[in-house]
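Written below as C-alpha cells is the structure these notes are about.
For ligands, and for the atoms within them, numbers begin at 1 and follow the listed sequence. A quick note: this is a predicted structure, and the numbers were derived from the prediction, not measured. Nothing fancy with the numbering, it's 1 onward along the sequence.
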Amino acid sequence: MNAQKILITGGTGFIGSHTVVSLMGQGYEPILLDNFCNSDRSVLRGIESITGRIPVLYEIDMQDKVALDAFFSEQPDICAVIHFAALKAVGESAQLPVAYYYNNLISLLHLLQCMEKHKVANLIFSSSATVYGTPDSLPLEEDHSAKAALSPYGNTKKISEDIIQDMAAVNQWLSAISLRYFNPIGAHESGEIGELPRGVPNNLMPFITQTATGIREELLVFGDDYDTPDGTAIRDYIHVVDLAEAHVKALERLLEKRQKSNYEIFNLGAGKGYSVLEVIQSFEKTSNLKLPYRIVERRPGDVPEMYASTQKANRELGWKTLRGLDEMTASAWNWEQRVRGINGRVS
Ligand code: WQD
C-alpha cells in the first residue's frame, strides 16, 4: 500500500521539521510546503541525514491562493493537513499587527477553502497556550476560558481556532484538531535539526544556547520578583520530539476516525512547570558550562506561571511526554554546538 500523503505547511520550521521526521519514521509520506520566511532549505539535509530521504517540498506562500490551489490539484492524494505555517514572534507581532493578522489568517482561510474544494477532510492546527492569556487557575484545562490575547500573534491563534470551530460546526465532512503547545524546546537527538531563530532570539532556550556559544554576551533573566519558589517565572517546557510524536497520535486519531466530535482541542505540555532558574541550572548541569546571566526587570506581557493539564491528551491520544528537562537542555546544546561548529563557550 502506498504511504499516506500528509501536507505539512511550514514543514521546514522548528516544530514542522521534527514532525516530518516523526511521520516518516511511522511510514507516512509528508509533503512539505514552505515559503522559507523563517527557515531555509538546509533543514531538508538535516531531515535526510536522520531519515535517509529528502521529502518532497513545494516553495509556496499560502497568501497566494492560486499557487495553493494548484498544489492541491497536483497532489490529489493528500489525506490530511498539519498546518504549522505562520508568523510566530510575539514581540514582532506587537510591532507588525496587520502583517501578522493578514498572513496568519489569510493563509488559514486559503487552506480551508482549498481543503473544501479538493475534499481533504482532516486538519491538525498548530495552536498555542497563549490563547489562555493570564490563567485563572492551574493546571490549565482545555475548557479554561480563552482570555484576551496577550499579543496580536496570540490573537491570530485564538481567531484561527474560532474559524476552524465555526467551519467544523456546519461542515461535518471536516475533522479537525487544534493542538495548544506550551513551551517547545530541545532538538532531535541527532543534532541534525533544531531551533534556528533568525536574529536575536525571543525565547529562553535559544538565548541560553547562543549565550553558551558566546554569540550573546549574557542571558537577561526577566524578573525574579514573581510569586514563585525562586521568584522567576514558571513555564511548561516540552521536548520538541515529544511534541512531534503527539502530532502523529493526533493524525492517527483523525485517520482512524476515533474522534468524539469533528472538532477537538488538546493541550500539549509536560504537565509540569519549571522556573527560568531551574532551566538555567539544568543547562549548566548538562552542558558542564557556567552560563553568564543577570536578573533584570520583568518583560511586559509575561505571565508568572503557566503549565498544562495533559490528562485529556494522555487519555484520548494515548500520548505522554517521555523526555525530561535535562534531555531538553542537553539536546538543545548538542544542536547549537553542531549548527555553529563550536565546542563549548568561545573563550
Ligand atoms: C520563557 C520564560 C521569560 C527569554 C512564548 C510565546 C508562546 C510560544 C512560546 C509560540 C519567560 C523568560 C525568556 C530571555 C528570560 N510561542 N525569558 N530571558 O514567553 O513563555 O512563550 O514562546 O507559540 O506563544 O508566548 O516563552 O521562551 O519567551 O520565555 O528570562 O531572554 O523565560 O520571561 O518567563 P513564553 P519564552
Please report whether the ring centroid of H247 lies less than 6.0 Å from that of F84. yes

Of Y274, Y181, F182, F14, the residue with the heavy atom nearest atom 8 (C) of ligand 1 is F182

Going by the order shown, which atoms of ligand 1 are within less than 4.0 Å of some heavy atom of D302? 3 (C), 33 (O)

Quick one: does NZ or CZ of K157 land under 6.0 Å from the six-membered ring centre of Y153, within 45 degrees of the ring axis? no

Look at atom 29 (O) of ligand 1 and say which protein heavy atom is nearest, naming residue and atom and giving the distance to 0.1 Å. R299 NH2, 3.3 Å

If we number the atoms of ligand 1 from 1 as shown, the ones under 4.0 Å from a heavy atom of V221 are 30 (O)

Quick test of your reading of the model: are E264 and K312 salt-bridged, counting only N-O distances below 4.0 Å? no

Of all protein heavy atoms, the one nearest atom 9 (C) of ligand 1 is N183 ND2, 3.9 Å

Between the side chain of N104 and the main-chain N/O of A86, is any donor-acceptor distance below 3.5 Å? no

Atom 18 (N) of ligand 1 has as its nearest protein heavy atom L220 O, 2.8 Å

Do the side chains of R258 and E316 get close enough for a salt bridge, i.e. N-O under 4.0 angstrom? no

Looking only at distance, does T130 have an N or O less than 3.5 Å from an N or O of ligand 1? no

Near Y153, which atoms of ligand 1 are under 4.0 Å from a heavy atom of that residue? 10 (C), 23 (O), 24 (O)

Before signing off on this row, confirm whether F207 and ligand 1 have an N or O atom pair separated by under 3.5 Å. no

Considering only the protein, which heavy-atom contact is closest to atom 27 (O) of ligand 1, and what is its distance? L204 N, 2.8 Å

What about L219: any of its N or O atoms under 3.5 Å from an N or O on ligand 1? no

Looking only at atom types and distance, does a side-chain atom of H110 sit under 3.5 Å from a main-chain N or O of M62, one as donor and one as acceptor? yes

Hey, looking at atom 2 (C) of ligand 1, which of Y293, Y237, F222 has the closest heavy atom? Y237

Quick check, are the ring centers of F71 and Y58 under 6.0 angstrom apart? yes

Is E92 salt-bridged to R198, cutoff N-O under 4.0 Å? no

Can E218 and R294 be said to form a salt bridge (Lys or Arg N to Asp or Glu O under 4.0 Å), step by step? CA-CA 7 Å; E218 63 178 353; R294 181 158 50 92; 2.7 Å; yes

Proximity winner for atom 12 (C) of ligand 1, if only heavy atoms of I208, V276, I234 are counted: V276

Show which atoms of ligand 1 fall inside a sub-4.0 Å distance from at least one heavy-atom site of N202. 4 (C), 28 (O)

Any N or O on S128 sitting closer than 3.5 Å to an N or O of ligand 1? yes

With respect to A233, determine whether any N or O atom, backbone or side chain, lies less than 3.5 Å from an N or O atom of ligand 1. no

For V90, counting its heavy atoms only, list the atoms of ligand 1 lying under 4.0 Å from any of them. 6 (C), 25 (O)

What residue and heavy atom of the protein are closest to atom 5 (C) of ligand 1, and at what distance? N203 ND2, 3.7 Å

At what distance is the nearest protein heavy atom to atom 20 (O) of ligand 1, and which residue and atom is it? R235 NE, 2.6 Å

Quickly, which of H18, Q26, R323 forms a side-chain hydrogen bond (donor to acceptor under 3.5 Å, both in side chains) with E245? Name it, please. R323

Identify the residue among K147, R180, H144 that makes a side-chain hydrogen bond (donor to acceptor under 3.5 Å, both in side chains) with Y132. R180

So, the side chain of D302 versus the backbone of F222: is there a donor-acceptor pair under 3.5 Å, distance only? no

